[in-house]
Amino acid sequence: LLRYENTNVYKNKVTPYHSEDQWFHNTTVLDHEWQEGGAPNIDTFYSSAWVDLSKEPMILSHPDMGDRYFTFELADYFSDNFDYVGMRATGSQAGHYALVGPDWKGELPEGVKALTPAMTDYIFIVGRTLYGKDKADQQAAHELMKQYRLTPLSQWDNREEYHATEREWVKAPKPAVDALNPTSNPLGHWQAIVDSLARFPTPDEHKVMINHMKALGLKPGINVEKDLDEATKKGLARAAVDGFQKLKFVSTKFGDKVNGWTITPAEYGHAGLGGHYLLRAASQSLAGIVANDQEEAVYTYTAIDVTGNPLDGNQTYQVHFTKEQLPPAEAFWSITNYTMNFNFVPNEWKRYNLGDRDEGLVYDEEGGLTVYFSSTPPKDKSLIPNWLPTPKDGNFFTVIRTYIPGESVLNRTWEVPPFEPVVQ
């Protein structure tokens with residue numbers, strides 16, 4: 001469904017809309033007027049592409065990125081990451097990288113580096129390019145993104161002319177289901193699954209799940225509506241509806257807990273490869289489409305204070321980081337507030353996040369940082385640089401993003417300080 005929508009359905013200037021094997025670049029800086037959810041970040045611009053590797057490799061190219069953080073997350077058709085290109089994984093100098101399918105054999109041109117072969121011959125790429133809060137830096141990031149390239153191997157010697165030519169759009173097959181409304185065609189979900197299994201190879205790690213499905217009659221090549229008996233179809237239809245309800249319920253239950261915060265699990269980004277199917281379905285895929293491996297980025301979030309009560313916009317809070325507790329990140333970190341609808345908190349100041357790249361943050365004499373949360377600015381004007389607005393009414397949640405996280409984040413020894421109510 002996602003591939004179909006991205007390549008066929010225009011929704012808005014933010015949601016991907018592009019041909020296969022072509023980039024979509026979102027260079028819109030969002031604010032609270034955006035009400036489509038998704039808990040978006042305002043640290044990086046996104047690039048995305050659906051890439052068909054069934055006929056030949058595709059070469060991903062980028063310019064010299066200097067000291068600007070960037071990354072390209074490479075995921076298979078089932079949302080598990082198989083490799084990365086970017087500052088952490090391959091370095092910031094200009095480069096060319098071959099995306100190859102699982103069965104491809106051949107020679108690559110000089111100067112093109114091979115990556116880990118994809119696990120499926122259809123992949124999804126998500127790129128992130130860091131930008132600042134001034135328009136000049138945003139434009140500089142945009143200019144670099146214009147130089148990102150996807151070139152078929154057969155067109156490598158003709159790559160400049162290839163990228164100067166308008167190509168025809170490729171229509172994806174119609175979806176069998178509405179992912180957000182499983183009751184509309186619950187058997188369609190099962191048909192999409194068996195069709196995907198027939199189209200793509202099944203890793204050995206998935207055999208237990210595949211054998212369980214076969215026992216129910218769900219085998220590649222069947223027509224679910226026509227080939228299964230009525231009792232089985234009723235059970236599968238019920239399982240699709242109940243299953244989506246369970247996925248939504250458990251999507252925030254995974255991860256390590258520290259002082260009321262939840263840190264995304266170590267398997268995030270490639271959960272299916274380790275047999276963590278519920279995590280992959282509920283958090284990695286349904287909630288996030290794809291997810292970064294922990295070595296690339298870790299997301300730490302909370303919706304409760306130190307007493308266990310929900311974060312309330314009518315209450316004032318503080319989170320005090322000692323110098324040792326500041327989010328350990330080699331690239332950058334940021335803190336963002338969201339409404340319970342996964343949108344930015346509406347506020348007249350258009351303040352949505354703060355982080356280590358912000359000028360003017362006020363640190364204490366020991367190098368610690370206190371972040372203040374309230375629906376109105378602090379009365380002490382010197383604290384405003386450290387302040388994030390909360391809703392004027394209702395609950396909210398907060399996310400800390402650490403890109404290229406430090407070892408203490410990865411091994412879960414980082415002590416994230418709790419939300420503390422402030423008595424006015």
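With respect to D137 and R68, a salt bridge is recorded, a charged nitrogen being found less than 4.0 Å from a carboxylate O. Taking a cutoff of 4.0 Å between a charged side-chain nitrogen and a carboxylate oxygen, D43 and R128 do not qualify as a salt bridge.
Looking only at side-chain heavy atoms (C-beta outward), I335 and L388 come within less than 4.5 Å of each other. Considering only heavy atoms from C-beta on, Y317 stays 4.5 Å or farther from V371 through its side chain. Between L247 and L278, some side-chain heavy-atom pair lies under the 4.5 Å cut-off. Proximity of P346 to T339: side-chain heavy atoms (C-beta onward) are separated by under 4.5 Å at one or more points. Annotation: side chain of P389 is not in contact with side chain of F373 (no heavy-atom distance under 4.5 Å). Between T44 and T129, every side-chain heavy-atom pair lies at or beyond the 4.5 Å cut-off. The shortest distance between side-chain heavy atoms of L279 and P265 falls below 4.5 Å. Between T336 and P40, every side-chain heavy-atom pair lies at or beyond the 4.5 Å cut-off.
Applying ring pair (Phe, Tyr, Trp, His ring centres under 6.0 Å) to Y352 and the options W34, W387, F344 leaves one that passes, F344. Under the ring pair (Phe, Tyr, Trp, His ring centres under 6.0 Å) test applied with W23, the options W50, F45, F72, Y46 reduce to a single match, F72.
Annotation: K146, atom NZ; neighbour count of heavy atoms from other residues, nucleotides and ligands within 6.0 Å is above 12. The environment of K257 atom NZ is dense: over 12 non-hydrogen atoms of other residues, nucleotides or ligands sit within 6.0 angstrom. For E359, the CD atom is loosely surrounded, since the number of other residues' heavy atoms within 6.0 Å does not exceed 12. Around CD of E160, the count of heavy atoms belonging to other residues, nucleotides or ligands within 6.0 Å does not exceed 12. For NZ of K133, the number of neighbouring non-hydrogen atoms (other residues, nucleotides, ligands) closer than 6.0 Å is greater than 12.
For Q284 (side chain) and G269 (main-chain N/O), a donor-acceptor pair under 3.5 Å exists by modelled atom type. For the pair N158 (side chain) and Q155 (backbone), a donor-acceptor distance under 3.5 Å is absent. A donor-acceptor pair under 3.5 Å is absent between the side-chain atoms of R199 and the main chain of S196, judged by distance alone. Not a single donor-acceptor pair under 3.5 Å links the side chain of Q191 to the backbone N or O of N223. Looking only at distances, no side-chain donor or acceptor of D52 sits under 3.5 Å from a matching main-chain atom of D21.
With sequence neighbours excluded, no residue satisfies side-chain hydrogen bond (donor to acceptor under 3.5 Å, both in side chains) with D67. Under the side-chain hydrogen bond (donor to acceptor under 3.5 Å, both in side chains) criterion, Y363 pairs with no residue, sequence neighbours left out. Partners of F342 according to the side chain to side chain contact (heavy atoms under 4.5 Å, CB included) rule, which considers only residues two or more places apart in sequence or in another chain, are A39, F397. The side-chain hydrogen bond (donor to acceptor under 3.5 Å, both in side chains) check on E56 picks up S154, with sequence neighbours excluded. Scored by the ring-ring contact (aromatic ring centres under 6.0 Å, His included) test, F24 finds no partners at all (sequence neighbours excluded). For the side chain to side chain contact (heavy atoms under 4.5 Å, CB included) test, residues two or more places apart in sequence or in another chain that qualify with P328 are S408, V409, W414. Residues meeting the side-chain hydrogen bond (donor to acceptor under 3.5 Å, both in side chains) test with N337, sequence neighbours left out: T398. Taking the side chain to side chain contact (heavy atoms under 4.5 Å, CB included) definition, one finds that P391 meets it with V345, F396, sequence neighbours left out. Applying the ring-ring contact (aromatic ring centres under 6.0 Å, His included) criterion to W333, with sequence neighbours excluded, gives no partner residue.
Taking all atoms of both residues into account, the shortest heavy-atom contact from L150 to A49 is CD1-CB, 3.6 Å. Taking every heavy atom of both residues into account, L228 and G217 meet most closely at CD2-O, 3.6 Å. Residue M119 comes nearest to P102 through the heavy atom pair O-CG, 4.1 Å, listed as atom of the first residue, atom of the second, then distance. The heavy-atom pair separating N12 from T15 by the smallest distance is OD1-N, 2.7 Å. Closest non-hydrogen pair, L99 versus I123, comes out as CD1-CD1, 4.1 Å. The minimum heavy-atom distance between G272 and D80, with the atom names listed, is N-OD1, 3.0 Å.
In this model, a donor atom of one side chain and an acceptor atom of the other lie less than 3.5 Å apart for Q139 and E143. Under 3.5 Å, the side chains of T120 and D76 contain no donor-acceptor pair of N or O atoms. Inspection of the T27 and Q138 side chains reveals no N or O donor paired with an N or O acceptor under 3.5 Å.
We find the OG1-CG distance between T370 and L361 to be 11.5 Å, quoted to the nearest 0.5 Å. A distance of 15.0 Å separates NE2 in H32 from OH in Y338, rounded to the nearest 0.5 Å.
When ring centroids are compared, Y77 and F124 stay outside the 6.0 Å threshold.
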The test is ring pair (Phe, Tyr, Trp, His ring centres under 6.0 Å); show your working for H276 and F254 and say whether it passes.
CA-CA 11 Å; H276 304 283; F254 299 101; 9.0 Å; no
Using ring pair (Phe, Tyr, Trp, His ring centres under 6.0 Å), reason through F419 and W261 one step at a time and then give a plain yes or no.
CA-CA 9 Å; F419 262 81; W261 296 85; 5.7 Å; yes
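Among residue pairs with one or both ends in residues 91-113, those qualifying as side-chain hydrogen bond (donor to acceptor under 3.5 Å, both in side chains) are S61-H96; sequence neighbours excluded. For residues 404-418, the salt bridge (charged side-chain N to carboxylate O under 4.0 Å, His left out) pairs, not counting sequence neighbours, are D256-R412.
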Under 3.5 Å, side-chain donor or acceptor atoms of residues 295-310 against the rest of the protein: list the pairs with distances, not counting sequence neighbours.
{"from": "E296", "atom 1": "OE1", "to": "R88", "atom 2": "NE", "distance (Å)": "2.5"}
{"from": "E296", "atom 1": "OE1", "to": "R88", "atom 2": "NH2", "distance (Å)": "2.9"}
{"from": "E296", "atom 1": "OE2", "to": "Y69", "atom 2": "OH", "distance (Å)": "2.5"}
{"from": "E296", "atom 1": "OE2", "to": "T71", "atom 2": "OG1", "distance (Å)": "3.4"}
{"from": "Y299", "atom 1": "OH", "to": "N292", "atom 2": "ND2", "distance (Å)": "3.1"}
{"from": "Y299", "atom 1": "OH", "to": "Y403", "atom 2": "OH", "distance (Å)": "3.2"}
{"from": "Y301", "atom 1": "OH", "to": "T252", "atom 2": "O", "distance (Å)": "3.4"}
{"from": "T302", "atom 1": "OG1", "to": "G260", "atom 2": "O", "distance (Å)": "2.8"}
{"from": "T302", "atom 1": "OG1", "to": "I304", "atom 2": "N", "distance (Å)": "3.2"}
{"from": "T302", "atom 1": "OG1", "to": "I304", "atom 2": "O", "distance (Å)": "3.1"}
{"from": "D305", "atom 1": "OD1", "to": "T307", "atom 2": "N", "distance (Å)": "2.9"}
{"from": "D305", "atom 1": "OD1", "to": "T307", "atom 2": "OG1", "distance (Å)": "2.6"}
{"from": "D305", "atom 1": "OD1", "to": "G308", "atom 2": "N", "distance (Å)": "3.1"}
{"from": "D305", "atom 1": "OD1", "to": "N309", "atom 2": "N", "distance (Å)": "3.0"}
{"from": "D305", "atom 1": "OD2", "to": "T307", "atom 2": "OG1", "distance (Å)": "3.4"}
{"from": "T307", "atom 1": "OG1", "to": "N309", "atom 2": "ND2", "distance (Å)": "2.9"}

